There are 2 protein chains.
Amino acid sequence: MNKIKVIIADDHELFRNGLKELLIKHDDIEVVDMVGDGNQFINAIQSIPDVNIVLLDLTMPNMDGFEVLKTLKDYNTNIKPIIISMHNDGNYIAKSAKAGAYGYLLKNTDEDELIKVIRLVSQNKKYFSPNIAEKMINFMSEHKVSENILSNKEKEVLGLISEGLTTKEIAAKLFVSTRTIETHRANVLKKLEVKNTAELIKKATQINLI
Amino acid sequence: MNKIKVIIADDHELFRNGLKELLIKHDDIEVVDMVGDGNQFINAIQSIPDVNIVLLDLTMPNMDGFEVLKTLKDYNTNIKPIIISMHNDGNYIAKSAKAGAYGYLLKNTDEDELIKVIRLVSQNKKYFSPNIAEKMINFMSEHKVSENILSNKEKEVLGLISEGLTTKEIAAKLFVSTRTIETHRANVLKKLEVKNTAELIKKATQINLI
DNA sequence: ATTTATATCCGTATAAATACGGATGCCTGA
DNA sequence: TCAGGCATCCGTATTTATACGGATATAAAT
């Protein structure tokens with residue numbers, strides 16, 4: 001019988017090691033490698049053949065989970081990614097699904113669920129638990145799946161706002177009129193569906209825009 | 001030989017379970033319970049005797065790690081807390097040490113270090129790894145160890161600001177005058193050493209105040 | 001080729017936030 | 001008991017941000 005070959009990609013060594021111990025208790029699963037960031041993962045799969053599944057954390061240094069998903073798609077591999085994240089966030093879930101994830105688990109799901117999903121995905125099935133799927137659906141109905149919500153200029157302005165610059169200061173820095181910055185500001189507020197600076201910065205932080 | 005009795009307190013089930021598997025490979029260590037938040041932990045130690053060590057996450061629902069540390073001190077127990085956090089943050093480290101932690105580990109330390117620290121602490125020794133200690137020292141030299149930088153009211157106001165409420169709305173909600181909220185707001189800005197709302201929310205997010 | 005998004009600018013107004021410099025009663029810890 | 005932090009309130013003034021409702025040129029997309 002062929003074991004399911006799994007790679008663990010997570011930047012927390014204790015988590016990686018612990019997860020490994022959980023997995024190897026199951027005879028049909030084999031942990032072929034563990035890596036601490038996306039770059040290491042991409043390197044690893046060059047030399048390891050027939051990997052079935054990667055358990056992928058979204059927040060990692062060097063190359064994060066989303067970039068890994070994209071790279072896997074570009075490479076057209078057979079490796080099926082399952083996200084293991086601590087963020088129960090509609091945007092993250094939707095983005096992951098869109099980028100090709102086969103499953104999305106929270107770090108506080110239980111061992112049984114984890115094993116179940118690994119087995120399902122190894123048979124080429126996608127699995128998102130009911131509550132995760134619900135989060136995603138709610139999110140998508142309310143927001144457009146926010147990939148590039150903001151234009152480059154808007155992102156730039158947002159960045160400067162988050163550093164505490166006022167509209168006037170930003171205008172001076174970018175050599176445009178304050179009216180221009182005010183418009184950018186208003187557009188950013190509208191796009192992120194918030195009504196003032198405080199909410200803006202909070203939301204931008206949550207969805208990792210700054 | 002008496003085993004070292006350990007409780008694991010972390011809100012991520014996969015992490016808890018994984019950690020347990022790591023620990024029970026060592027004959028001198030016994031995991032007597034696992035809990036998902038501070039309240040559960042406090043309940044657990046009422047009924048479990050002679051617990052030596054708690055591996056304690058800082059960010060947990062209901063009752064976070066810092067509150068647990070405080071409670072342990074108040075109760076005057078023999079349970080020695082070791083922090084296991086993902087935040088390599090001077091403020092967190094300093095606060096933990098001050099609140100009675102016997103050690104501070106990052107979630108990306110390796111298994112050997114973890115076991116080493118557990119054994120040391122079980123012999124009533126404190127252990128902070130060199131890089132952790134360095135972080136703490138640097139932090140303390142630059143900042144005053146910010147324990148309760150903000151008063152309860154200020155925290156409350158900050159929370160409402162972060163939800164996008166205006167000064168007027170907050171005043172209405174808390175049944176006080178807008179001047180009062182303005183003062184709180186000004187004091188929060190001063191204490192966090194920022195100059196406007198945008199910076200405020202960013203900083204508050206960084207140091208996990210909201 | 002026509003729509004759509006972007007970046008730029010303008011006016012008028014109001015609402016909100018920030019910066020000063022005060023004051024008082026209350027509670028708590030040294 | 002007494003100092004100090006806290007929560008509460010007040011006035012005055014200025015600066016910023018938000019809300020309307022426009023416009024134009026360019027570039028990208030359908």
Side-chain angles (χ1 to χ4, degrees), chain A residues 143-205 209-210, chain B residues 67 70-71 73-74 76 95 98-100 143-205 209-210:
Chain A
H143 315 66
K144 34 262 140 219
V145 180
S146 55
E147 196 108 35
N148 293 312
I149 350 176
L150 301 187
S151 71
N152 285 333
K153 229 344 154 259
E154 285 164 347
K155 276 185 214 158
E156 186 180 14
V157 170
L158 172 57
L160 295 171
I161 292 172
S162 81
E163 286 169 25
L165 301 213
T166 65
T167 296
K168 200 196 286 182
E169 289 166 338
I170 296 170
K173 185 158 195 157
L174 303 185
F175 304 109
V176 297
S177 90
T178 62
R179 285 323 297 350
T180 301
I181 302 301
E182 281 169 25
T183 306
H184 286 320
R185 220 178 162 121
N187 290 336
V188 170
L189 288 182
K190 203 195 320 176
K191 286 187 179 179
L192 294 191
E193 294 166 323
V194 293
K195 65 178 209 297
N196 60 31
T197 307
E199 255 193 303
L200 168 65
I201 300 297
K202 191 184 169 201
K203 178 133 192 184
T205 307
L209 244 32
I210 50 180
Chain B
E67 293 174 88
K70 187 174 179 317
T71 308
K73 228 177 188 174
D74 291 346
N76 205 19
K95 245 175 103 177
K98 204 171 173 188
H143 314 66
K144 35 261 143 216
V145 179
S146 51
E147 186 116 40
N148 296 313
I149 346 178
L150 300 187
S151 72
N152 286 333
K153 220 11 144 231
E154 286 163 346
K155 277 185 214 159
E156 187 179 13
V157 170
L158 173 56
L160 295 172
I161 293 173
S162 81
E163 285 169 24
L165 301 213
T166 64
T167 296
K168 200 195 286 180
E169 290 167 338
I170 296 171
K173 184 158 195 156
L174 302 185
F175 305 108
V176 298
S177 88
T178 61
R179 280 328 292 355
T180 302
I181 302 302
E182 281 169 26
T183 306
H184 287 320
R185 221 182 162 117
N187 289 337
V188 171
L189 288 182
K190 202 195 321 175
K191 286 188 180 179
L192 294 192
E193 295 167 324
V194 293
K195 65 178 210 296
N196 60 30
T197 306
E199 252 193 305
L200 168 64
I201 300 296
K202 191 183 167 200
K203 178 134 191 184
T205 306
L209 243 34
I210 52 179

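Remember, predicted model here, so these are calculated numbers, not experimental data. Lettering follows sequence order; numbering is per chain, from 1.
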Practice prompt. Round to a whole Å and report the spacing from NZ of A:K195 to C1' of D:dC20.
Written response: 18 Å
Worksheet entry | For atom CD of B:E169 and atom P of D:dT18, their distance in whole Å | 13 Å
Worksheet item: Nearest-Å distance, CG (B:N196) to P (C:dA16)?
Response: 17 Å
Practice prompt. State the pairing partner of C:dT24; accept Watson-Crick or G-U wobble contacts with both distances under 3.5 Å, and report none otherwise.
Written response: D:dA7
Worksheet item: Taking 4.0 angstrom as the limit, do B:K70 and B:E67 come out as a salt bridge?
Response: no
Discussion item. Regarding D:dC9, can its base be found pairing with the side chain of B:T183 as donor and acceptor, where the two atoms are less than 3.5 Å apart?
Written reply: yes
Item to complete: Could you tell me whether a side-chain N or O of A:E154 sits under 3.5 Å from a main-chain N or O of A:L150, the two making a donor and an acceptor?
Response: no
Worksheet entry | Length of the line joining B:K190:NZ and D:dG5:C1', which is rounded to integer Å | 12 Å
Worksheet item: For A:S151 and C:dT6, is the shortest distance between a side-chain N/O and OP1 or OP2 below 4.0 Å?
Response: no
Item to complete: Give one of base, sugar-phosphate or nothing for B:T180, where a contact means two heavy atoms less than 4.0 Å apart.
Response: base
Worksheet item: What is the distance, rounded to the nearest whole Å, between atom CD1 of A:I201 and atom P of D:dA17?
Response: 11 Å
Fill in: Nearest-angstrom distance from the residue atom CG of B:N187 to C1' of D:dC9
13 Å
Worksheet item: What does B:T197 touch in the nucleic acid at a heavy-atom separation under 4.0 angstrom: a base, only the sugar-phosphate, or nothing?
Response: sugar-phosphate
Worksheet item: Is the phosphate of D:dT16, meaning OP1 or OP2, less than 4.0 Å from a side-chain N or O of A:K168?
Response: yes
Worksheet item: Using 4.0 Å as the upper bound for N to carboxylate O, is an ion pair formed by B:R179 and B:E182?
Response: yes
Discussion item. Heavy-atom nearest nucleotide on DNA chain D for B:E182 versus B:F175: which residue maps closer to 5'?
Written reply: B:F175
Worksheet item: Between B:K191 (NZ) and C:dT18 (P), how many Å, whole number?
Response: 17 Å
Worksheet entry | Under 4.0 angstrom between A:T167 side-chain N/O and D:dA17 OP1 or OP2 | yes
Practice prompt. Could you check which of C:dC9, D:dC9, D:dA7 has an atom nearest any side-chain atom of B:H184?
Written response: D:dA7
Discussion item. Does C:dG11 have OP1 or OP2 under 4.0 Å away from a side-chain N or O of A:R179?
Written reply: no
Item to complete: Give the rounded distance in Å between these two atoms: CG of A:L189 and P of D:dA17.
Response: 11 Å
Worksheet entry | Donor-acceptor contact present, side-chain A:K153 to main-chain A:H184, <3.5 Å | no
Discussion item. Determine whether a donor-acceptor pair (N or O, by modelled atom type, separation under 3.5 Å) exists between the side chain of A:K195 and the backbone of B:G164.
Written reply: yes
